[in-house]
Amino acid sequence: MAQKTGLGTRCVQAGYTPGNGEPRQIPIIQSTTYKYDTGDAMGRLFDLEDSGYFYSRIQNPTTDAVAARIAALEGGTAAMLTASGMSANFLAAFNIVECGDHIVSSSSIYGGTYNLFSVTMKRMGAEVTFVSPDCTDEELEAAFRPNTKMVFGETIANPALTVLDIEKFASHAHAHGVPLVIDNTFATPINCRPFEWGADIVTHSTSKYMDGHGGALGGCIVDSGKFDWTAHAEKFPGLCTPDESYHGIIYTERFGLEGAYINKATSQLMRDLGPVQSPQNAYYLNLGLESLHVRVPRHCSTAQAVAEYLNAHEKVEWVHYCGLPGDKYYEVGQKYLPNGSCGVVSFGVKGGRAEAENFMSRLRVAAIETHVADARTCCLHPASTTHRQMNAEELIAAGVSENLVRYSCGLEDPDDLISDIEQALA
Ligand SMILES: *Cc1c(COP(=O)(O)O)cnc(C)c1O
């Protein structure tokens with residue numbers, strides 16, 4: 001389906017167009033394997049000479065249809081689903097960052113991704129330099145090294161809710177001949193499409209708003225198709241030189257700029273590492289996608305009301321929500337997220353860590369959960385949970401203070417959430 005349709009139409013129809021008499025809903029192809037009449041036909045698939053399905057660790061029609069829907073929403077040329085948001089971020093990086101390479105990343109990112117870059121990928125021989133999302137041009141420039149292979153950030157950071165100046169990070173990345181990879185989980189393509197601002201690759205934890213119901217873990221990587229790997233071929237040998245594990249094919253030659261990155265990720269990394277999304281989970285994810293454009297504005301309007309209520313409350317020390325005039329990210333939010341940001345509000349309860357924990361235990365409508373961005377309101381104290389492995393200095397760099405409560409507005413009535421907060425603060 002053409003990408004020129006509106007976002008709502010893409011949410012419900014893109015990526016799957018049934019023929020006459022075929023299932024209206026994307027079918028769940030619950031099969032590990034596919035049948036062929038001749039060994040030769042199958043051999044051509046293995047050599048990537050023909051396209052087709054042969055084993056669901058590499059590709060599956062259900063997950064492909066859902067990936068194509070997300071690609072259409074982001075305005076990308078190709079996409080791949082993964083088992084989780086973490087595997088999306090790992091494969092997005094590992095597709096271009098190898099042993100001996102270097103990443104420049106915003107320090108204000110999801111705790112799991114922070115560990116991935118600073119601990120796990122370090123053990124694999126890749127290094128990371130973290131920069132503040134608010135760094136100056138000079139500071140950003142100073143973070144680059146000759147072996148830098150990508151720049152990474154989150155549109156709206158989880159949990160600090162900093163908003164990234166995507167254009168600025170993209171222009172520095174491009175000046176150094178490397179792509180900008182943006183985790184767009186919190187904004188979703190309904191509120192921001194990073195490709196329109198110069199980002200090259202987008203990742204998602206689809207476990208959040210895209211699924212939207214706390215039902216299915218998943219991730220996605222989308223390629224804009226715009227980054228010219230061949231113009232910097234010496235930096236990206238994996239894409240621009242022969243792949244010995246595929247009889248010497250060169251991804252950029254075989255699949256063009258619009259397909260090289262995702263084809264390498266599926267046919268090489270998925271083949272060898274295997275964190276696939278199951279067709280069943282892709283089906284659940286797709287049910288969520290079909291209402292994404294209806295749900296996201298509601299999450300945002302509720303969060304705006306909650307943020308305004310908290311901001312005026314005497315027991316609340318501070319509120320971070322870029323929809324609040326006066327918020328540090330209000331202006332940058334108006335630029336990148338003019339229709340709303342996300343349903344997550346973070347705030348500090350007066351009285352420090354202990355009062356933050358007390359407040360949370362008194363909530364009745366909102367539940368304490370290690371999750372965000374689904375239909376049911378939930379909250380979390382990152383300093384003692386998702387970010388507990390960080391020291392005080394790292395917490396500050398990640399924008400996570402000790403009394404920070406991350407409050408994720410679900411789809412309940414806003415008045416019920418506000419009276420719940422009122423009684424818990426009282
Ligand atoms: C949750 C989250 C992840 C990790 O996703 P999982 O699906 O839990 O693996 C990555 N990035 C962001 C911004 C997230 O919120």
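From a predicted model like this one, the values you see are computed outputs, not experimental measurements. Only this structure's heavy atoms are used, side chains among them; waters, hydrogens and symmetry mates stay out. For ligands, and for the atoms within them, numbers begin at 1 and follow the listed sequence.
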- Lys NZ or Arg CZ of K208 over Y110 ring: under 6.0 Å, within 45°: yes
- Message: Do R271 and Y246 form a cation-pi contact, if we require the NZ or CZ to be under 6.0 Å from the six-membered ring centre and within 45 degrees of the ring's axis?
- Response: yes
- Message: Can you work out which protein residues put a heavy atom within less than 4.0 Å of ligand 1?
- Response: S84, G85, M86, N89, Y110, E154, N158, D183, T185, F186, S205, S207, K208, G218
- K122: what forms a salt bridge (Lys or Arg N to Asp or Glu O under 4.0 Å) with it, not counting sequence neighbours? none
- Message: My understanding is that only residues two or more places apart in sequence, or in another chain, count here; which of them pass salt bridge (Lys or Arg N to Asp or Glu O under 4.0 Å) with D420?
- Response: none
- Message: I'd like to check the salt bridge (Lys or Arg N to Asp or Glu O under 4.0 Å) partners of R388; sequence neighbours left out, ordered by chain and number.
- Response: none
- Message: Is the distance from the ring center of H299 to that of Y209 below 6.0 Å?
- Response: yes
